[in-house]
Amino acid sequence: MHSFGKLTPKIETHELENGQPVQIYVFYDENGTEWHDLYRSKPAFDFYVALNDQDRVVSMEPDPDHSQIAGCTIIGISKAESGGFSRGPGGTVYGKQWGAGKIGEPVLSRAEYPTLTPRQLWLSAASISVTKEDVLAKVAEMSDQALALSLRIELTESVNFERSNPAIDDLARLLGIPAKQLDALWLWAADL
């Protein structure tokens with residue numbers, strides 16, 4: 001694996017064989033090295049991968065000329081480092097995460113978790129033997145009545161639920177559900 005860094009495009013004018021000028025984008029790394037010179041300075045890689053700022057795969061191409069994407073970090077990797085993901089139409093690599101020296105499943109921030117409907121939330125709760133009535137009874141027993149009122153409104157009046165909502169963390173603490181278990185349950189519930 002080798003990181004070529006983030007590429008920046010510059011518009012340059014070049015002449016075609018007939019003498020006609022044409023403007024094209026030419027990509028450079030942070031040191032001002034042009035992309036073609038940059039990738040030719042290293043042994044060939046099986047794939048050239050473009051990563052966004054969250055290290056998610058935007059492109060994976062065997063031809064470095066097809067890997068020039070502005071604002072993306074370009075890395076050269078082997079087939080083994082590709083994690084067995086495929087590219088092209090129907091490819092499975094897009095949106096996957098680069099980390100620990102290979103491509104794998106993405107690590108989602110809580111803000112990226114899918115939104116759940118009330119149906120999905122309560123069906124997932126039922127899968128761990130928790131009912132809406134059980135939850136509301138525990139909320140009613142809370143000593144902090146202001147927090148209890150806020151949590152009851154969140155649970156009964158929301159038209160959808162977001163994992164990043166602090167009320168969801170309050171609910172998990174109230175039920176004694178560890179954050180990692182709730183994260184896994186949340187992702188599972190999204191498919192209900």
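The closest donor-acceptor contact from the side chain of E112 to the backbone of S109 lies under 3.5 Å. In terms of modelled atom types and a separation under 3.5 Å, the side chain of S158 and the main chain of F161 share no donor-acceptor contact. Here the side chain of T33 pairs no donor or acceptor atom with the backbone of D29 at under 3.5 angstrom. Remark: side-chain polar atoms of S127 are paired, donor with acceptor, to backbone N or O of S124 under 3.5 angstrom. Side-chain atoms of E157 do not come within 3.5 Å of backbone N or O of E154 as any donor-acceptor pair. D37 places no side-chain N or O within donor-acceptor distance of the main-chain N or O of E34, the cut-off being under 3.5 Å. For D46 (side chain) and K79 (main-chain N/O), a donor-acceptor pair under 3.5 Å exists by modelled atom type. Side-chain atoms of E61 do not come within 3.5 Å of backbone N or O of A50 as any donor-acceptor pair.
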Margin query: Determine whether L149 and L147 satisfy the following criterion, side chain to side chain contact (heavy atoms under 4.5 Å, CB included), listing intermediate values before the conclusion.
Written below: CA-CA 5 Å; L149 175 61; L147 180 59; over 6 Å; no
Next item on the list: Report the C-alpha distance between I128 and I177 in whole Å, list the side-chain angles of each, state the deciding distance to 0.1 Å, and finish with yes or no for side chain to side chain contact (heavy atoms under 4.5 Å, CB included).
Entry: CA-CA 10 Å; I128 59 170; I177 300 172; 3.8 Å; yes
Next item on the list: Starting from the C-alpha separation in whole Å, work towards a yes-or-no answer on side chain to side chain contact (heavy atoms under 4.5 Å, CB included) for E15 and Q20.
Entry: CA-CA 5 Å; E15 281 190 20; Q20 179 182 354; over 6 Å; no
Margin query: What verdict does the side chain to side chain contact (heavy atoms under 4.5 Å, CB included) test give for T13 and V22, after you've listed the backbone C-alpha separation in whole Å, the side-chain angles of each residue and the deciding distance to 0.1 Å?
Written below: CA-CA 5 Å; T13 302; V22 63; over 6 Å; no
Next item on the list: Decide yes or no on salt bridge (charged side-chain N to carboxylate O under 4.0 Å, His left out) for K6 and E30, but give the supporting numbers first.
Entry: CA-CA 7 Å; K6 195 175 279 194; E30 65 184 16; over 6 Å; no
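Between R173 and D169 the shortest side-chain heavy-atom distance falls below 4.5 Å. In this structure, D65 and Y48 have side chains that are not in contact, with every pair of non-hydrogen atoms separated by 4.5 Å or more. Residues Q68 and V26 have side chains not in contact (no heavy-atom distance under 4.5 Å, counting atoms from C-beta outward). For the pair I69/V58, a side-chain contact is recorded, criterion being any heavy-atom separation below 4.5 Å from C-beta on. The closest side-chain heavy-atom distance from N160 to L116 is not below 4.5 Å. The shortest side-chain heavy-atom distance between L151 and L174 falls under the 4.5 Å cut-off. I168 has its side chain out of reach of E162: every pair of non-hydrogen atoms, C-beta onward, lies at least 4.5 Å apart. Residues P106 and R56 have side chains in contact (heavy-atom distance under 4.5 Å, counting atoms from C-beta outward).
A cation-pi contact, defined as under 6.0 Å to the ring centre and within 45° of the axis, is absent between K10 and F27.
Considering CD of Q23 and CD1 of I11, their distance stands at 6.0 Å, rounded to 0.5 Å. Summarising the geometry, atom CZ belonging to F45 is positioned 9.0 Å from atom OG belonging to S78; distances are rounded to the nearest 0.5 Å. One distance of note links CG of L7 with OG1 of T73; it measures 8.0 Å at 0.5 Å rounding. With rounding to the nearest 0.5 angstrom, the CD atom of Q145 is 12.0 Å from the OG atom of S150. The structure places CG of L136 at 6.0 Å from CG of L155, a figure rounded to the nearest 0.5 Å. Rounding to the nearest 0.5 Å gives a distance of 10.0 Å between OG of S59 and NE2 of H66.
For the ring pair (Phe, Tyr, Trp, His ring centres under 6.0 Å) test, residues two or more places apart in sequence or in another chain that qualify with W35 are F4, Y39.
Between D63 and S67, the shortest heavy-atom distance links the atoms O-OG, 3.5 Å. Pairing each heavy atom of G101 with each of E81, the nearest pair is O-CG, 3.4 Å.
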Validation: residues 178-192 side-chain donor-acceptor distances under 3.5 Å, sequence neighbours left out:
from: D183; atom 1: OD1; to: R110; atom 2: NE; distance (Å): 2.9
from: D183; atom 1: OD1; to: R110; atom 2: NH2; distance (Å): 3.4
from: D183; atom 1: OD1; to: R163; atom 2: NE; distance (Å): 2.9
from: D183; atom 1: OD1; to: R163; atom 2: NH2; distance (Å): 3.1
from: D183; atom 1: OD2; to: R110; atom 2: NE; distance (Å): 3.4
from: D183; atom 1: OD2; to: R110; atom 2: NH2; distance (Å): 2.9
from: W186; atom 1: NE1; to: P114; atom 2: O; distance (Å): 2.8

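Residues Y28 and Y25 are members of separate hydrophobic clusters, defined by side-chain heavy-atom contacts under 4.5 angstrom among Ile, Leu, Val, Met, Phe, Trp and Tyr.
Cluster partners of F85 are M1, F47, V49, L51, V57, M60, I75, I77, V93, Y94, W98, I103, counting Ile, Leu, Val, Met, Phe, Trp and Tyr whose side-chain heavy atoms approach within less than 4.5 Å, directly or via other members.
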